[in-house]
Amino acid sequence: MKNLTTDLLIDTAGGVTTLTIHRVAKKNSFTTAMYAGMADVLDQAQADAGVRVLVIQGHETIFSAGNDIANFLQTPPTTLDAPVFRFMRAISSFTKPIVAAVCGPAVGIGTTMLFHCDLVYAGDNAAFSMPFVNLGVCPEAASSLLAPQRMGYGRAAEALLLGEPFMAEAALEMGLISRIVPPAEVNALAQRQAQKLAAKPMRSLLASKRLMKQGQAELVAQRMAEEGTLFGQMLAEPAAQEAFSAFMEKRKPDFSAF
Ligand code: COA
């Protein structure tokens, strides 16, 4: 598989495709082109019988700052065909195992995409957050469904309504991640676990993942579409415009009028 944009590195070896988010100067935030590239990687990995496992990793200091806010203002996702929604559908319906390696901040979709990964390894510097309300928008990637399920309503409400970060220990306790290791060891651990998975019988892996998620697929797809439509509308509304302008102008947003 080729690199589709310079902000993503793609490598396939021994049945494992590794996707590295590679835009550290902008804290690995995602542009439209990156979402399109990641959706293509997932589609190709799904179709290629030679790929048995997918690894998604960032940098030792940052997993992802979520949507690139400037890019979002320039090319907001106004329809469900937008690359961001294509990526969400591709990751949530991917039938092979996904291993994620997370260090540093994982903001917005940097956290919500993890609900669709199977094994998540985190550095002790990992900080997860879903600050959609703080940005005047609403949850995405079916996180309004999956966060309460995985974390319990009380903790999901803190994470989704207050939008405050939670650290690796809390994520481990909630079952969002599988293990915490020093940041320098996370990517190597993810590779070792991915190689172990790749050596297992594929039919058993696929059946096990499908059975664990049985009954959820349709609910996830429906919720993602509902969230996506609302998210697209809210982006154009004054609260989101204020939040995004404030980020670009490096000031605190003022929501007193909304
Ligand atoms: N979109 C666009 N640019 C972003 C970005 C984003 N989501 N996150 C960071 N950047 C840019 C900054 O504007 C800055 O660019 P500059 O050097 O040209 O000024 C650069 O990346 C470094 O970011 P900075 O905020 O200085 O790094 P930090 O280490 O102090 O903080 C974060 C890291 C991730 C905690 C912080 O950048 C952040 O909160 N980002 C916004 C997260 C967010 O709200 N995402 C949207 C989710 S839907």
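Position 1 is the first residue of the sequence; numbering continues from there. Counting starts at 1 for both ligands and their atoms, following the listed order.
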Name the closest protein heavy atom to atom 2 (C) of ligand 1, giving the residue it belongs to and the distance to 0.1 Å. Ile69 N, 3.4 Å
Got a donor-acceptor contact below 3.5 angstrom from the Thr111 side chain to the Met130 backbone? no
Atom 7 (N) of ligand 1 [closest protein heavy-atom partner, distance rounded to 0.1 Å]: Asn67 O, 2.8 Å
Examine distances only and state if a side-chain atom of Thr20 and a backbone atom of His22 form a donor-acceptor pair shorter than 3.5 Å. no
What protein heavy atom is closest to atom 24 (P) of ligand 1, reported as residue, atom name and distance in Å? Lys27 CE, 4.3 Å
Pairing donors with acceptors under 3.5 angstrom, does anything connect the side chains of Glu140 and Thr112? yes
When you measure from atom 30 (O) of ligand 1 to the protein, is at least one non-hydrogen atom found at a distance under 4.0 Å? no
Can you report which non-hydrogen protein atom sits closest to atom 35 (C) of ligand 1, along with the distance? Pro105 CG, 4.4 Å
In sequence, state the C-alpha distance, the side-chain angles, and the governing distance for Glu185 and Arg179, and then conclude on salt bridge (charged side-chain N to carboxylate O under 4.0 Å, His left out). CA-CA 11 Å; Glu185 294 170 24; Arg179 206 187 299 177; over 6 Å; no
Do protein heavy atoms approach atom 5 (C) of ligand 1 to less than 4.0 Å? yes
Would you say the side-chain atoms of Thr95 and Arg210 include a donor-acceptor pair closer than 3.5 Å? no
With distance as the sole test, does Arg89 use its side chain to make a donor-acceptor pair with the main-chain N or O of Leu80 at under 3.5 Å? yes
Is the shortest distance from atom 21 (O) of ligand 1 to a protein heavy atom below 4.0 Å? yes
In terms of ring plane angle, is the pair Phe166 and Phe128 parallel, tilted or perpendicular, where the classes change at 30° and 60°? parallel
Aromatic plane relationship, Phe85 with Phe231 - under 30° parallel, 30 to 60° tilted, over 60° perpendicular: perpendicular
Right, does atom 48 (S) of ligand 1 have protein non-hydrogen atoms nearer than 4.0 Å? yes
Check ligand 1 against Val107 and write out every atom of the ligand that is under 4.0 Å from a heavy-atom position of the residue. 42 (C), 43 (C), 45 (N), 47 (C)
Shortest protein heavy-atom distance from atom 18 (O) of ligand 1, along with the residue and atom involved: Lys26 NZ, 2.7 Å
Test of proximity, Leu135 against ligand 1: N or O pairs below 3.5 Å: no
Among Lys26, Arg23, Lys27, salt bridge (charged side-chain N to carboxylate O under 4.0 Å, His left out) partner for Asp68: Arg23
What residue and heavy atom of the protein are closest to atom 42 (C) of ligand 1, and at what distance? Ala65 O, 3.3 Å
Within a distance under 4.0 Å of any heavy atom of Lys250, pick out the atoms of ligand 1 and give their elements. 19 (O)
Atom 12 (C) of ligand 1 has as its nearest protein heavy atom Phe247 CZ, 4.3 Å
Donor-acceptor side-chain pairing of Thr18 and Asp11 below 3.5 angstrom: no
Give a yes/no on ligand 1: does Gly110 have at least one heavy atom closer than 4.0 angstrom to it? no
In terms of atom number and element, which parts of ligand 1 are under 4.0 angstrom from non-hydrogen atoms of Ala25? 20 (C), 21 (O)
